[in-house]
Participant: 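Can you read through this structure? Questions will come right after.
Nothing fancy with the numbering, it's 1 onward along the sequence. Keep in mind that this is a model prediction, so the values were computed, not measured. Just so it is clear, the values below take in all heavy atoms, side chains as well, and ignore hydrogens, waters and symmetry mates.
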Amino acid sequence: MKILITGGAGFIGANFVYHMLEKYPDYDIVCLDKLTYAGNLSTLEKALKNPKFKFVRGDIADKQFVDKLFEEEKFDACVNFAAESHVDRSIEDPQIFLITNIIGTQVLMDACRANGNVRFHQVSTDEVYGDLPLDRPDLLFTENTPIHTSSPYSSSKAGADLLVLAYYRTYGLPVTISRCSNNYGPYHFPEKLIPLMISRALADESLPVYGDGKNVRDWLYVEDHCRAIDLILHKGRIGEVYNVGGHNEMANIDIVKLILKKLGKPESLITYVKDRKGHDLRYAIDPTKIHNELGWLPETKFADGIEKTIKWYLENKKWWQDIISGEYRNYYEKMYSDR
Ligand code: NAD
Ligand code: DAU
């Protein structure tokens, strides 16, 4: 098998590259990544030493480039992680989200069609379902929950999902979609809640909690997500959507307090700041379908996963310090200075 992994220099894509290289040593893995602010070649340092791995820099929305790559490489499958992924950035400047997340997906699928209907998997998000109320713990997102988005980011991911399903129905392209809850683990970019709080707490800097901190997310260790995508790619039913989540709902403020406790830092670092516009209240995934059909279950408990994650950030300071010392510093100033 020769598999194209797009967005493999980002957080989940890189974890998936390592998962695949280890589990399928006979597969050829090609990573296509534009190396935006969120992509980091140093993340793929170990993979680059593997003769079964190849990195190509390019834009999934660049049709000429993508068509040529597909003609040259003759892929058997494409797993699309490449995306603009940060909700706050989408609120500031939506356009690149539509270009990468929607047009990019269309360009990849057209290349799949033109090259003998290459198997296509779209990595999507639970955010396409909108949010759930905080006082109804009985409600969970199923694959039949209507699409109802809140942010330009989630709208662009929903647009891509609809297009993927349209390519299945209209052209018979062999597609699947996974919609996962919030991931955490190694190589998570420090603009996102957990790595942001770890890196700032270690530097004794204030921890910006949006609103009252009571919004709830359903956290899943990244390796569990990678195993789910692997299963769907190999055994999932074509044309189907699979929800992926860990039954691990936590309020943001509880995560922040837990991180402070683990690092031995004071809660006085917590600063409540202006809320995110359109802030989704609660996400919660019902993963019954992937469990019943493919036997998937999360393996890492949050208590262990957060321990491993904090350890990773302590042992890999250079990785994230290089990121936060560059252009990211201007981003932080821009996004948080008037909150
Ligand atoms: P990320 O922002 O860490 O990485 C995105 C990667 O895509 C980067 O390497 C970036 O350089 C690359 N990229 C961006 N635009 C590109 C383009 N036009 N062409 C080629 N490469 C491009 O994102 P992530 O958190 O790893 O998320 C990966 C995917 O998983 C996304 O599709 C996201 O919507 C989805 N997802 C993320 C989560 C989460 O909790 N992080 C949960 C569910 C689903
Ligand atoms: O649910 C899946 C989604 O999870 C993915 O599709 C997205 O790509 C991914 O970024 C993530 O989206 P969130 O918006 O949930 O993640 P983020 O880490 O940005 O925020 C998590 C929660 O923490 C959210 O309620 C907002 C809050 N938050 C975030 C930041 C960055 C804060 O309180 N302060 C912060 O500084």
Participant: With the side chain counted from C-beta on, respond yes when Arg119 and Leu233 share a heavy-atom pair under 4.5 Å apart, and no when they do not.
Facilitator: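 Answer yes - side chains close enough.
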
Participant: Kindly indicate whether the side chain of Lys192, heavy atoms from C-beta on, has any atom under 4.5 Å from the side chain of Phe11.
Facilitator: no

Participant: Testing Ile270, Leu202, Ile259 for side-chain contact (heavy atoms from CB on, under 4.5 Å) with Met197, which one passes?
Facilitator: Ile259

Participant: When you compare the side chains of Asn316 and Tyr187, does any donor N or O come within less than 3.5 Å of an acceptor on the partner?
Facilitator: no

Participant: For the pair Arg227 and Glu223, find out whether any cationic side-chain nitrogen is under 4.0 Å from an anionic carboxylate oxygen.
Facilitator: no

Participant: Salt bridge or not for Lys157 and Asp161, using N-O below 4.0 Å?
Facilitator: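 Salt bridge between Lys157 and Asp161, a charged N being under 4.0 Å from a carboxylate O: no.
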
Participant: Could you tell me whether the side chain of Leu140 reaches within less than 4.5 Å of the side chain of Asp218, counting heavy atoms only?
Facilitator: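 Side chain of Asp218 against side chain of Leu140, heavy atoms only: no contact under 4.5 Å found.
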
Participant: Would you kindly confirm whether Ile255 and Leu220 end up in one hydrophobic cluster when ILVMFWY residues are joined by side chain heavy atoms under 4.5 Å apart?
Facilitator: no

Participant: Among Asn182, Asn183, Asp230, Asn15, whose side-chain hydrogen bond (donor to acceptor under 3.5 Å, both in side chains) with His225 holds?
Facilitator: Asn183

Participant: Working to the nearest 0.5 angstrom, can you tell me the gap between Ser178 OG and Ile290 CD1?
Facilitator: 7.5 Å

Participant: For this output row, return yes or no: ring centroids of Tyr221 and Phe302 closer than 6.0 angstrom.
Facilitator: no

Participant: Out of curiosity, does Ile232 fall in the hydrophobic cluster containing Leu297 (side-chain heavy atoms, cut-off under 4.5 Å, transitive links)?
Facilitator: no

Participant: Can you confirm if the aromatic rings of Tyr24 and His234 lie within a centre distance of less than 6.0 Å?
Facilitator: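 Yes, close enough.
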
Participant: Using 0.5 Å steps for rounding, measure from the CD1 atom of Ile99 to the OG atom of Ser156.
Facilitator: 11.0 Å

Participant: Would you tell me whether Ser181 and Trp219 have side-chain atoms, one donor and one acceptor, within less than 3.5 Å of each other?
Facilitator: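 Result is no, nothing qualifies.
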
Participant: What I want to check is whether the side chains of Thr142 and Asn144 have a donor and an acceptor closer together than 3.5 Å.
Facilitator: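 Thr142 vs Asn144: no donor-acceptor pair found between side chains.
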
Participant: Using a strict 4.0 Å threshold on nitrogen-to-oxygen distance, state whether Lys2 and Asp76 make a salt bridge.
Facilitator: no

Participant: Nearest 0.5 Å please: distance from the CD atom of Glu127 over to the CG atom of Asp280.
Facilitator: 6.0 Å

Participant: Look at Glu307 together with Lys262 and state whether they make a salt bridge at an N to O cut-off of under 4.0 Å.
Facilitator: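 A salt bridge is present here (some side-chain N lies under 4.0 Å from a carboxylate O).
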
Participant: Heavy-atom count around Glu205 CD within 6.0 Å, excluding the residue itself: above 12?
Facilitator: yes

Participant: In plain terms, say whether Asp126 and Arg179 are close enough for a salt bridge, that is, a side-chain N and a carboxylate O under 4.0 Å apart.
Facilitator: no

Participant: Salt bridge or not between Arg282 and Glu249? Use side-chain N to carboxylate O under 4.0 Å.
Facilitator: yes

Participant: Going by an N to O cut-off under 4.0 Å, is there a salt bridge joining Glu72 and Lys68?
Facilitator: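 Salt bridge: yes.
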
Participant: For the pair Asp110 and Arg113, find out whether any cationic side-chain nitrogen is under 4.0 Å from an anionic carboxylate oxygen.
Facilitator: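 The answer is yes: the pair qualifies as a salt bridge.
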
Participant: Do Leu165 and Val118 land in one hydrophobic cluster if side-chain heavy atoms of ILVMFWY residues count as linked below 4.5 Å?
Facilitator: yes

Participant: Measure the spacing between CG of Asp59 and OG1 of Thr6 and express it to the nearest 0.5 Å.
Facilitator: 11.0 Å

Participant: Taking C-beta and beyond as the side chain, do Arg89 and Glu191 meet within less than 4.5 Å on heavy atoms?
Facilitator: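 Counting from C-beta outward, Arg89 and Glu191 do come under 4.5 Å.
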
Participant: For the residue pair Val175 and His121, establish whether any side-chain heavy-atom pair is separated by less than 4.5 Å.
Facilitator: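 Answer no - side chains too far apart.
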
Participant: Parallel, tilted or perpendicular, judged at 30° and 60°: which one describes the rings of Tyr210 and His279?
Facilitator: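 Aromatic pair Tyr210/His279 classed perpendicular.
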
Participant: Side chains of Leu108 and Val66: does their closest heavy-atom pair fall under 4.5 Å?
Facilitator: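 Side-chain contact under 4.5 Å: yes.
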
Participant: Can you find a side-chain donor-acceptor pair between Tyr332 and Arg200 that sits under 3.5 Å?
Facilitator: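 Note: Tyr332 and Arg200 side chains meet the donor-acceptor criterion.
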
Participant: Looking at Lys235 and Glu293, is any side-chain nitrogen of the basic one under 4.0 Å from a carboxylate oxygen of the acidic one?
Facilitator: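 No salt bridge links Glu293 with Lys235.
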
Participant: Between OG of Ser325 and CH2 of Trp320, what distance do you get to the nearest 0.5 Å?
Facilitator: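 It comes to 10.5 Å.
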
Participant: Any non-hydrogen side-chain atom of Met1 less than 4.5 Å from a side-chain atom of Phe75?
Facilitator: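 Met1 does not reach Phe75 side chain to side chain.
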
Participant: Quick one: are Val222 and Tyr184 in side-chain contact, heavy atoms under 4.5 Å?
Facilitator: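 Counting from C-beta outward, Val222 and Tyr184 never come under 4.5 Å.
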
Participant: Give a yes or no on whether a salt bridge exists between Arg276 and Asp88, defined as a side-chain N under 4.0 angstrom from a carboxylate O.
Facilitator: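 Looking at Arg276 and Asp88, the cut-off is met.
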
Participant: Working to the nearest 0.5 angstrom, can you tell me the gap between Asp322 CG and Asn40 CG?
Facilitator: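 So the gap between those two atoms works out to 8.0 Å.
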
Participant: Measure centre to centre between the rings of Tyr242 and Trp296, then say whether the value is under 6.0 Å.
Facilitator: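 No, too far apart.
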
Participant: Quick one: sort the Phe16 and Phe81 rings into parallel, tilted or perpendicular, breaks at 30° and 60°.
Facilitator: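 Answer is tilted, since the angle falls between 30° and 60°.
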
Participant: Please find out if less than 6.0 Å separates the ring center of Tyr37 from that of Phe189.
Facilitator: yes

